[in-house]
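Since the structure comes first, as structure tokens, the remarks are kept for the end.
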Number of protein chains: 2
Amino acid sequence: MTRADRPDPGDLDLTKQVCFALYAASRALTAVYRPVLERLGLTYPQYLVMLVLWERGQTSVKALGESLQLDSGTLSPLLKRLEAAGLVDRARDPRDERSVVVSLTAAGDGLRDQATGIPRAIAEATGVPASELTYLRDTLRKITEAATAAPDKETT
Amino acid sequence: MTRADRPDPGDLDLTKQVCFALYAASRALTAVYRPVLERLGLTYPQYLVMLVLWERGQTSVKALGESLQLDSGTLSPLLKRLEAAGLVDRARDPRDERSVVVSLTAAGDGLRDQATGIPRAIAEATGVPASELTYLRDTLRKITEAATAAPDKETT
DNA sequence: GGCGGTTTAGTTGTGCGCAATCTAAACCGT
DNA sequence: ACGGTTTAGATTGCGCACAACTAAACCGCC
């Protein structure tokens, strides 16, 4: 069922451009993080996991996956690497043995201090004004929500 | 509580949120493409390569890399798979044997017809108005440019 | 209690992305 | 013509993402 505000032909190119812009911008920004995070021995997805843990102290793998929108196929090996690096502990929840609780080690908690300056460093490196960032964030969230709820495009 | 009480705490969180929003939105939109492209036997990066070829007919690997901002480490195996799928040909440029020219096969050219409806399908699936898409595209380009040119402390 | 279905992680396999390294071809100044 | 440099592409290794599958624990129900 097409909407009343269906895009006209001119918009088709636009969609293409937006998708690529998103794809390119995401990789470009991650590349800005890379050298900064390298000093902490983290990749960007690992940094995201640490952000959640610094805020919550501990979480199940499931909750982590919901927050970051990643599945166990991605998280399991990633968490294994964080554990091998001595930053997190993993243990089955005794209340529910299906669940694995991820928590910070002392080293993982200590890393937080070194990470506090990162958002500022990134903001300065890119130099995009906060007003635009706010609008951008909200628009991106809207797109993510719309894409996540996207219909699977029926027949043919 | 874990937040830094700095002069401008709002911006720091914002940066973090924008980066994640970008990362999440990019993956979410790619996921919308996935089932659509699957019918053509293409992944999203492969689709991007085909878009360039449908527009230009042929390109060198280098030019392709500049357009998509991907290096040979990514493109070489990707093009090999497209070649194995019978969609493209690869040949050394006789004028400069260092360069490899990628061109469309008949099958690759024929796939264009099936691909014309894709941008519309994506636009409808997400349902974000064109006015926002335009602003979004321009902001993303600005960020990509800023990130690509980002000053890096590891400079010597 | 035992059975069937669900939930939670982990594993396997494929395809990016990117750094580092390698090879070969082209260019360049002498 | 020559040796050094630059350039284009391929290869290797690692870490995501994601689909498909497996195994174990939980749950409801009889």
Side-chain angles (χ1 to χ4, degrees), chain A residues 20 23-35 37-38 41-50 59-66 68-85 88 90-102 147-148 152, chain B residues 20 23-35 37-38 41-50 59-66 68-85 88 90-102 144 147-148 152 154:
Chain A
F20 175 69
Y23 167 78
S26 178
R27 287 189 296 120
L29 244 197
T30 302
V32 176
Y33 271 96
R34 209 184 322 282
L37 291 176
E38 197 174 358
L42 295 175
T43 65
Y44 182 67
Q46 289 169 5
Y47 169 66
L48 292 179
V49 168
M50 294 304 286
T59 2
S60 67
V61 173
K62 175 176 172 52
L64 206 49
E66 284 167 355
L68 304 180
Q69 299 171 222
L70 292 169
D71 68 4
S72 69
T74 299
L75 288 176
S76 285
L78 187 157
L79 291 170
K80 237 171 160 177
R81 283 186 284 272
L82 286 181
E83 189 180 35
V88 308
R90 289 191 301 160
R92 291 279 167 183
D93 184 344
R95 313 294 285 177
D96 184 344
E97 293 277 347
R98 289 173 305 183
S99 179
V100 166
V101 176
V102 184
T148 304
D152 191 355
Chain B
F20 175 69
Y23 165 78
S26 178
R27 287 189 296 121
L29 245 196
T30 302
V32 175
Y33 272 97
R34 208 183 325 280
L37 291 176
E38 197 174 358
L42 295 175
T43 64
Y44 182 66
Q46 287 168 5
Y47 170 66
L48 292 178
V49 168
M50 295 305 287
T59 2
S60 67
V61 173
K62 175 176 172 53
L64 206 49
E66 284 166 354
L68 304 180
Q69 300 171 221
L70 292 169
D71 68 5
S72 70
T74 299
L75 288 175
S76 285
L78 188 157
L79 292 170
K80 237 170 160 177
R81 283 186 283 271
L82 285 181
E83 189 180 35
V88 308
R90 288 190 302 159
R92 291 279 167 184
D93 183 345
R95 312 292 286 176
D96 184 344
E97 293 279 346
R98 290 172 303 182
S99 179
V100 167
V101 177
V102 184
T144 303
T148 305
D152 212 344
E154 75 197 334

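Keep in mind the model is a prediction, meaning the values are calculated, not measured.
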Here's a test of your reading of the structure: between B:P45 and A:L79, which maps to the more 5' nucleotide of DNA chain C?
A:L79

Please state whether the phosphate of D:dT11, meaning OP1 or OP2, lies under 4.0 angstrom from any side-chain nitrogen or oxygen of B:K80.
yes

Within a strict 4.5 Å, meaning less than it, do heavy atoms of the A:T43 and A:R81 side chains meet?
no

Whole angstroms only, please: what is the CG-P distance between B:L42 and C:dG15?
12 Å

Taking the side chain as everything from C-beta on, heavy atoms only, tell me whether B:R90 gets closer than 4.5 Å to B:L82.
no

B:L48 CG to C:dG17 C1', straight-line distance once rounded to whole Å
13 Å

Grab the CD-C1' distance between A:E66 and C:dT8 for me, whole Å please.
11 Å

Starting at atom CG of B:L29, determine the distance to atom P of D:dA17, rounded to an integer number of angstrom.
16 Å

5' priority, DNA chain C, between A:R27 and A:A63 [closest heavy atom]:
A:A63

Could you tell me how far apart A:D71 (CG) and D:dC21 (P) are, to the nearest whole angstrom?
15 Å

So B:P45 and B:L78, do their side chains get closer than 4.5 Å, heavy atoms only?
yes

Assign the ring pair A:Y44 / B:Y23 to parallel, tilted or perpendicular, where the plane angle (0 to 90°) is split at 30° and 60°.
perpendicular

Looking at D:dA10, does its base get a donor-acceptor pair with the side chain of B:S72 below 3.5 Å?
yes

So, does B:R81 get its side chain near the phosphate of C:dC16, meaning an N or O under 4.0 Å from OP1 or OP2?
yes

Specify the separation, in whole Å, of atom CG of B:L64 and atom C1' of C:dG17.
15 Å

Counting side-chain heavy atoms from CB outward, which of C:dG10, D:dC16, C:dA19 is closest to A:R34?
C:dA19

Using a cut-off of strictly less than 4.0 Å, decide whether A:R92 has a side-chain nitrogen or oxygen near OP1 or OP2 of D:dA25.
no

Shortest side-chain distance from B:D96, nucleotide among D:dC26, C:dA26, D:dA17
C:dA26

Separation of atom CZ in B:R98 from atom P in C:dC22, rounded to whole Å
20 Å

Which is true for A:S76 with a 4.0 Å heavy-atom rule: it touches a base, it touches only sugar-phosphate, or it touches nothing?
base

Looking at every heavy atom in both A:R27 and B:L68, which two are closest together, and how far apart are they?
NH2-O, 2.9 Å

Just call it for A:L75: base, sugar-phosphate, or nothing, with non-hydrogen atoms closer than 4.0 Å on any strand.
nothing

Which residue lies toward the 5' end of DNA chain D, A:Q46 or A:D93, if each is placed at its nearest nucleotide?
A:Q46

For D:dA10, take OP1 and OP2 only and decide whether either is under 4.0 Å from a side-chain N or O of B:R90.
yes

Any base atoms under 4.0 Å from A:T30, or only sugar-phosphate, or nothing? Heavy atoms, all strands.
nothing

In this structure, how many angstroms lie between the C1' atom of C:dC18 and the CG atom of B:L68, rounded?
15 Å

Respond yes when some side-chain nitrogen or oxygen of A:Y23 is under 4.0 Å from OP1 or OP2 of C:dC16, and no when none is.
no

Pair A:V49-A:L75, side chain to side chain contact (heavy atoms under 4.5 Å, CB included): steps then yes or no
CA-CA 9 Å; A:V49 168; A:L75 288 176; 4.2 Å; yes

May I ask you to evaluate whether A:S99 reaches the phosphate of D:dA25, defined as a side-chain N or O under 4.0 Å from OP1 or OP2?
no

With distance as the sole criterion, do the side chain of B:T43 and the base of C:dG15 form a donor-acceptor contact below 3.5 Å?
no

Quick one: label B:T74 by what it contacts on the DNA or RNA (base, sugar-phosphate, nothing), any heavy atom closer than 4.0 Å.
base

Nucleotide of C:dA25, C:dT6, C:dG10 approaching B:E97 most closely (side-chain heavy atoms):
C:dA25

